[in-house]
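Everything on this sheet refers to the single structure shown next.
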Amino acid sequence: MKEHLEELLAQSMLHLQREGVLPAESEIGIQLERTRSPEHGEFASNLAMVLAKDAGMPPRELAQAIIERTPKSRQVERMEVAGPGFINFYLQTCAFTGVIKDALRQRENYGQLVRVGLNRVTLEYVSANPTGPLHVGHGRGAAYGASLANILVAAGYEIQREYYVNDNGRQMDILAVCVWLRYLELCGEIISFPDNGYRGDYIYDIARLVRVEHGDKWRFTRLAVEEGLPLSPQAGGEGETYLDALIAKARELLGDEGYLVFFNTALNNILDDIKDDLADFGVVFDKWFSERDLEESGSVQHAIDRLGKNGYLYEKDGATWFKATELGDEKDRVVIRENGRTTYFASDIAYFLNKLERGFKRAVYIFGADHHGYVARLQAAARGLGEDPDRLEILLVQFAVLFRFGEKVAMSTRSGQFITLRELREEVSTDAARFFYVMRSHDQHLDFDLDLAKSRSNENPVFYIQYAHARICSVFRNLLDMDQRHNEAIGEVALDLLTQDHEFQLMRNISKFPETIDSAARLRAPHMLAHYLHSLATDLHSYYNAHQFLVEDENLRNARLNLVLATKMVLSKGLGILGVSAPEEM
RNA sequence: GCCCUCGUAGCUCAGCAGGAUAGAGCAAUCGCCUCCUAAGCGAUAGGUCACACGUUCGAAUCGUGUCGAGGGCGCCA
């Protein structure tokens with residue numbers, strides 16, 4: 001519909017240019033938007049106000065001229081000049097009812113947009129370090145990323161979902177060592193556990209697994225382990241130094257074989273847990289990308305070489321630095337440490353380059369807001385590699401704070417006092433969690449009300465929308481109970497009988513679905529879809545209360561059933577995109 | 001100190017490339033079930049869009065500054 005009206009306006013513009021009313025060279029972006037109220041018709045354009053200066057005539061006069069030259073359309077009832085120079089479009093009934101026909105004809109594909117050209121995009125989200133179970137902080141990124149991916153697919157992009165597994169860093173070494181310490185504890189060795197290590201109970205579980213498989217094979221006495229170690233943090237020593245010494249000690253005593261047993265058991269176990277957790281959350285990935293693979297394949301060196309070739313590297317203090325300041329970052333960054341190891345940042349650069357080299361036109365990253373410091377340096381890296389920085393897009397997701405009984409739920413990773421994503425799902429259901437996480441704009445802090453998410457009441461937007469869907473399903477069940485059938489063909493012919501305000505409002509809103517997908521995709525804003533679905537549910541509930549669908553008149557009945565069936569399909573598709581189920585009954 | 005995000009009804013938030021009278025939901029008040037699920041609907045009330053300048057036909061929206069909130073600034077990951 002929108003495209004149709006834009007085309008009409010474009011034709012009118014062409015006439016005006018030919019007549020010399022408008023300068024031929026003036027570049028015209030047709031701007032057409034939904035009106036806020038039906039008093040102003042369905043669509044409005046500010047064209048005349050924008051071009052008034054070029055044309056050298058008052059906006060209202062120009063608006064009138066545009067209207068006079070606009071080709072007739074059987075969908076348009078009339079056009080009017082309004083206010084300071086708006087052109088309002090009032091539509092024929094067939095323009096409304098046509099939406100129902102479209103929707104029913106396209107079924108599940110209604111709202112699926114087609115995009116021309118290559119649009120391969122890789123979308124990376126979650127990418128939590130596999131050092132422990134996902135917690136509620138990861139949940140928002142997961143829900144946001146998964147919903148956004150679905151929206152982009154609906155908007156016609158070819159999307160690849162990717163999780164970057166950081167299986168190569170110091171944190172992983174710390175994890176392996178912590179598992180070993182717990183293992184020794186299970187073997188009966190009394191060894192103090194550093195309070196800056198991973199203290200969660202899941203570490204015991206992994207240690208137990210090693211013990212089941214290997215018995216006491218990797219047991220060493222407390223004396224052997226602690227010999228030569230610096231002071232532990234509990235005893236007043238420096239925590240990080242202590243952990244590094246522990247890592248070195250573990251490698252020394254365990255050898256490569258033993259060390260890998262702990263390392264890999266921890267990694268695989270936690271990663272499997274994360275995969276299960278996300279799958280249960282409806283969050284899927286096409287690729288789990290390992291940082292170790294990245295390094296072993298030579299990609300990191302390849303990226304560093306590229307930076308060097310482009311003249312953005314220099315040596316200082318025995319390390320290799322990237323001249324990020326020349327490219328918009330606030331300070332230069334080390335890529336190869338004094339000890340010869342590459343930094344995490346070097347891997348990031350390599351990973352970005354790798355994505356482009358795999359053929360993606362654009363790499364989208366979803367980070368927690370605490371990573372916003374990465375934006376400038378990654379952009380600098382993109383430039384340093386000689387790539388267009390526009391191909392890198394970083395979306396920041398703000399934090400979510402849980403509230404229970406009106407009070408903030410205290411959480412701290414350090415004390416192990418965090419709520420896991422799994423616990424959240426079990427408490428409020430996956431449906432509620434998925435919806436609540438994305439119902440606010442991603443760049444907005446989120447207050448997550450656990451009690452509301454759990455409540456089965458009209459205050460809970462998830463139930464409100466699901467209930468609209470279930471209500472429609474219920475109507476169709478009642479129809480069957482009355483030994484009647486829905487005849488779509490009869491309904492389609494009788495659509496002109498839909499003349500109630502509630503019916504126009506519902507049709508209008510159904511027609512906004514594709515536009516909503518488009519906007520939500522363009523602005524990376526799943527919350528727009530969440531709000532849209534809520535408004536569609538409102539329209540359905542109002543309609544339901546105002547009018548009976550299952551009426552005697554066969555024509556009217558089937559027309560109304562066509563309308564609510566289209567509504568049901570949009571609700572179901574929209575909820576599906578957000579990862580929320582659309583129940584048949586509640 | 002420097003940087004990022006944000007500031008809209010009592011509360012939680014929308015406001016989609018600047019548009020017409022700033023919108024929802026909760027909470028408040030008043031109504032609606034012999035009627036397809038009341039997990040619903042209708043009505044009333046509620047605002048200096050943090051503040052000040054600027055850009056223009058027009059600013060909650062764009063720019064600058066001030067105030068306030070949260071976050072980030074390692075040869076950590």
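From a predicted model like this one, the values you see are computed outputs, not experimental measurements.
- Using a 4.0 Å heavy-atom criterion, one finds that A/H372 contacts the bases of the nucleic acid, with or without backbone contacts as well.
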Where do N or O atoms of nucleotides 27-35 of chain B meet protein N or O atoms at under 3.5 Å, pair by pair?
| from | atom 1 | to | atom 2 | distance (Å) |
| --- | --- | --- | --- | --- |
| B/rC35 | O2' | A/Q548 | OE1 | 3.2 |

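- Heavy atoms of A/H40 sit under 4.0 angstrom from at least one base atom.
- Nucleic acid contact class of A/A525 (heavy atoms, under 4.0 Å, all strands): none.
- Regarding A/E315, its CD atom lies at a distance of 15 Å from the P atom of B/rC75, rounded to whole Å.
- In this structure, A/Y464 reaches the sugar-phosphate backbone alone: every heavy-atom distance under 4.0 Å involves primed, P, OP1 or OP2 atoms, never a base.
- Here the side chain of A/R170 is nearest to one of B/rC6, B/rC41, B/rC76, namely B/rC76.
- Counting to the nearest Å, the C1' atom of B/rG72 and the NZ atom of A/K331 are 11 Å from each other.
- For B/rC57, the OP1/OP2 oxygens have a side-chain nitrogen or oxygen of A/K53 closer than 4.0 Å.
- Nearest nucleotide to the A/S542 side chain, out of B/rA38, B/rC41, B/rC76: B/rC41.
- In terms of phosphate contacts, A/Y532 brings no side-chain nitrogen or oxygen within less than 4.0 Å of OP1 or OP2 of B/rA24.
- In this structure, A/A376 reaches neither bases nor backbone, as no heavy-atom distance under 4.0 Å exists between it and the strands shown.
- Side-chain proximity of A/M586 to the nucleotides B/rA14, B/rG74, B/rA39 is greatest for B/rA39.
- By the 30° and 60° cut-offs, the orientation of the rings of A/H442 relative to A/Y144 is tilted.
- Put simply, the side chain of A/R140 never gets that close to the backbone of A/A400: no donor and acceptor are under 3.5 Å apart.
- In terms of position along RNA chain B, the nucleotide closest to A/M528 lies nearer the 5' end than the nucleotide closest to the other residue of the pair A/A319 and A/M528.
- Closest to the A/H445 side chain, of the nucleotides B/rA20, B/rA17, B/rG70, is B/rG70.
- Taking a 6.0 Å sphere around CZ of A/R337, one finds it holds more than 12 heavy atoms contributed by other residues, nucleotides or ligands.
- The residue A/T343 sits apart from the nucleic acid: no heavy atom pair falls under 4.0 Å.
- The residue A/H547 sits close to a base: some heavy atom pair falls under 4.0 Å.
- Comparing B/rA14, B/rC41, B/rA20 against the side chain of A/R440 picks out B/rA14 as the nearest.
- No contact: A/A52 has no heavy atom under 4.0 Å from any strand.
- Following rounding to the nearest Å, A/D447 (CG) and B/rA69 (C1') show an atom-to-atom distance of 12 Å.
- A salt bridge does not link A/R477 with A/D481: none of the charged nitrogens is closer than 4.0 Å to a carboxylate oxygen.
- Looking at heavy-atom distances under 4.0 Å, A/L523 makes contact with sugar-phosphate atoms alone, never a base.
- Contact annotation for A/H527: backbone-only contact, meaning every heavy-atom pair under 4.0 Å involves sugar-phosphate atoms and none involves a base.
- OP1 or OP2 of B/rG74 has not a single side-chain nitrogen or oxygen of A/R337 nearer than 4.0 Å.
- Between the side chain of A/D370 and the base of B/rG72 there is no donor-acceptor pair of N/O atoms closer than 3.5 Å.
- Considering every non-hydrogen atom in both A/A453 and A/F448, the closest pair reads CB-CE2, 3.9 Å.
- Phosphate proximity of B/rC4 to A/Q398: absent, as no side-chain N or O sits under 4.0 Å from OP1 or OP2.
- Using a 4.0 Å heavy-atom criterion, one finds that A/Q466 contacts no nucleic acid atom at all.
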Under 3.5 Å between N/O atoms: give me all the protein pairs with nucleotides 59-62 of chain B, atom names plus distance.
none

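- Across all strands shown, A/S441 has heavy atoms under 4.0 Å from sugar-phosphate atoms exclusively, and none from any base.
- The glycosidic torsion of B/rC33 lies within 90° of 0, which places this base in the syn conformation.
- At a threshold of 4.0 angstrom between heavy atoms, the contacts of A/E338 include nucleobase atoms, whether or not backbone atoms are also involved.
- For A/R170 and A/D244, the salt-bridge test passes: some basic side-chain N is under 4.0 Å from an acidic carboxylate O.
- Considering only side-chain N and O atoms, A/T516 lies nowhere under 4.0 angstrom from the phosphate OP1 or OP2 of B/rC16.
- Using modelled atom types, one side-chain atom of A/T35 and one backbone atom of A/G41 make a donor-acceptor pair closer than 3.5 Å.
- Contact annotation: side chain of A/N88 to base of B/rA20, donor-acceptor pair present below 3.5 Å.
- Geometrically, A/R333 does not engage A/F322 in a cation-pi contact defined by less than 6.0 Å to the ring centre and at most 45° from the axis.
- Atom-to-atom, CZ of A/R60 to P of B/rA20 comes out at 16 Å; the value is rounded to the nearest Å.
- A/E39 comes within 4.0 angstrom of a nucleotide base, judged by non-hydrogen atoms across all strands.
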